[in-house]
Amino acid sequence: MTERWRRKELSNFDYLIYLNQQSGRSFNDLTQYPVMPWVVADYTSQELDLSNPATFRDLSKPIGALNPSRLTKFKERYAQMPEPKFLFGTHYSTPGYVLYYLVRQAPEYQLRLQNGRFDHPDRLFYSVADTWNSVMTNAADLKELIPEFYSQSGFLVNTEGLDLGVRTAGGMRSVVGDVVLPSWAKTPQEFTDKLREALECDFVSERLHSWI
């Protein structure tokens, strides 16, 4: 399979799914759900420019090392920590993270996790840009993505009309409905299509082995 991928007989997406399966990850297990990388780092531009290297995340580093100032704080904490030491205090994939992304598609699982209630509106998956900002700056947020970001858009839409509450973060009140998309995507389908295009582009193909 690796040789097929190197010869471009296999897409980046399909190769990552294969590796997830070989490592014991499954769509049927929230504790070992398939993991995909954040590839795009630009969620503010009007157009997504896949010819610009600045559009992409550095795949040679884990999420926790992408922000140099935050990494410095992690290292300072590590130096002062008694044994056993750890650099990052949270994982890149947990059941809570998976359900954070899938709350609109599979609300029953988050209700089970949260004792019959949804999480606080300020902590729900509200905006792609906000989530990226969080994983870049929040010391307790190092989550990667799930395959749905590159394969199907239904998880971004509140098709069931769920009452997910009203956010008050930043001093502004806003109803949590469909996920707020970056300006370069007019629809959820366009968003996942463009992310898939980014995942499969040569720039990512040449660097994906570092993330793996």
Side-chain angles (χ1 to χ4, degrees), residues 13 16-17 20 23-44 57 62-67 70 74 88-170 172-182 185 188-189 191-192 194-196 198-199 211:
F13 179 85
L16 288 172
I17 290 293
N20 272 280
S23 62
R25 293 187 173 274
S26 167
F27 288 97
N28 298 317
D29 185 352
L30 293 173
T31 68
Q32 293 291 329
Y33 204 77
V35 181
M36 290 280 173
W38 286 91
V39 166
V40 170
D42 179 5
Y43 298 98
T44 58
R57 166 258 185 102
I63 288 290
L66 292 177
N67 181 335
R70 183 175 62 171
F74 283 143
F88 305 132
T90 185
H91 205 249
Y92 52 79
S93 178
T94 69
Y97 291 168
V98 175
L99 296 181
Y100 168 85
Y101 290 131
L102 295 181
V103 61
R104 294 163 179 81
Q105 183 170 300
E108 64 275 16
Y109 295 127
Q110 187 171 111
L111 290 173
R112 179 72 63 86
L113 185 68
Q114 298 286 140
N115 296 318
R117 293 178 293 182
F118 292 117
D119 201 355
H120 190 283
D122 287 348
R123 292 192 294 268
L124 290 175
F125 184 25
Y126 172 73
S127 156
V128 177
D130 285 357
T131 299
W132 171 250
N133 289 337
S134 178
V135 303
M136 286 293 288
T137 59
N138 188 338
D141 190 357
L142 304 174
K143 57 181 170 285
E144 292 277 13
L145 298 183
I146 56 176
E148 284 79 355
F149 276 82
Y150 299 103
S151 58
Q152 57 97 354
S153 60
F155 75 104
L156 299 166
V157 184
N158 187 11
T159 54
E160 300 295 330
L162 302 170
D163 182 3
L164 299 174
V166 178
R167 286 169 52 91
T168 57
M172 298 181 62
R173 294 176 60 85
S174 50
V175 175
V176 181
D178 297 345
V179 175
V180 178
L181 304 174
Q189 188 63 54
F191 173 75
T192 53
K194 286 188 174 180
L195 279 192
R196 182 64 172 268
L199 178 66
W211 182 85

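Computed from a predicted model, the values in this text were never measured in an experiment. The chain is numbered in sequence order, starting from 1.
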Nearest 0.5 angstrom please: Q110 CD to L124 CG, how far?
5.5 Å

The reported gap from CD1 in I17 to OG in S151 (rounded to nearest 0.5 angstrom) is 7.0 Å

Do [X] and [Y] have side chains that get closer than 4.5 Å, going by heavy atoms?
{"X": "P188", "Y": "V179", "value": "no"}
{"X": "S174", "Y": "Y126", "value": "yes"}
{"X": "V180", "Y": "V128", "value": "no"}
{"X": "F27", "Y": "P147", "value": "yes"}
{"X": "R25", "Y": "S93", "value": "yes"}
{"X": "L113", "Y": "P95", "value": "no"}

Side-chain donor/acceptor of [X] to backbone N/O of [Y], under 3.5 Å:
{"X": "R167", "Y": "R173", "value": "no"}
{"X": "N67", "Y": "T137", "value": "no"}
{"X": "R104", "Y": "F125", "value": "yes"}
{"X": "Q114", "Y": "G116", "value": "no"}

Looking at D178, I'd like to know if its CG atom is crowded, meaning that more than 12 non-hydrogen atoms belonging to other residues, nucleotides or ligands lie closer than 6.0 Å.
yes

For Y109, is the OH atom crowded, meaning more than 12 foreign heavy atoms sit under 6.0 Å from it?
no

Take Q189 and K194 through the test side-chain contact (heavy atoms from CB on, under 4.5 Å) and record every step on the way to the result.
CA-CA 9 Å; Q189 188 63 54; K194 286 188 174 180; over 6 Å; no

Can you spot which of T94, L99, L102 makes a side chain to side chain contact (heavy atoms under 4.5 Å, CB included) with Y33?
L102

Listed once per pair and sorted, the salt bridge (charged side-chain N to carboxylate O under 4.0 Å, His left out) pairs that draw on residues 112-129, sequence neighbours left out
D119-R123

Parallel, tilted or perpendicular: ring planes of F149 versus Y101, cut at 30 and 60 degrees
perpendicular

Is the centre of the Y92 ring less than 6.0 Å from the centre of the Y97 ring?
no

Using a 3.5 Å cut-off and no angle test, enumerate the donor-acceptor pairs between side-chain atoms of residues 138-146 and protein atoms at least two apart in sequence or in another chain.
from : atom 1 : to   : atom 2 : distance (Å)
N138 : OD1    : A140 : N      : 2.8
D141 : OD1    : K143 : NZ     : 2.9
D141 : OD2    : S134 : OG     : 2.4
D141 : OD2    : K143 : NZ     : 3.0
E144 : OE1    : W38  : N      : 3.0
E144 : OE1    : R57  : NH1    : 3.2
E144 : OE2    : R57  : NH1    : 3.4
E144 : OE2    : R57  : NH2    : 3.0
E144 : OE2    : W211 : NE1    : 2.9

Does the pair F74 and F88 meet the rule for a ring-ring contact (aromatic ring centres under 6.0 Å, His included), with working shown?
CA-CA 7 Å; F74 283 143; F88 305 132; 5.3 Å; yes

Let's go through Y100 and T131 carefully: what are the C-alpha distance in whole Å and the side-chain angles of both, what is the deciding distance for side chain to side chain donor-acceptor pair (under 3.5 Å) to 0.1 Å, and is it a yes or a no?
CA-CA 10 Å; Y100 168 85; T131 299; 2.7 Å; yes

Go through the steps for V176 and N158 under the test side-chain contact (heavy atoms from CB on, under 4.5 Å), then give the verdict.
CA-CA 9 Å; V176 181; N158 187 11; over 6 Å; no

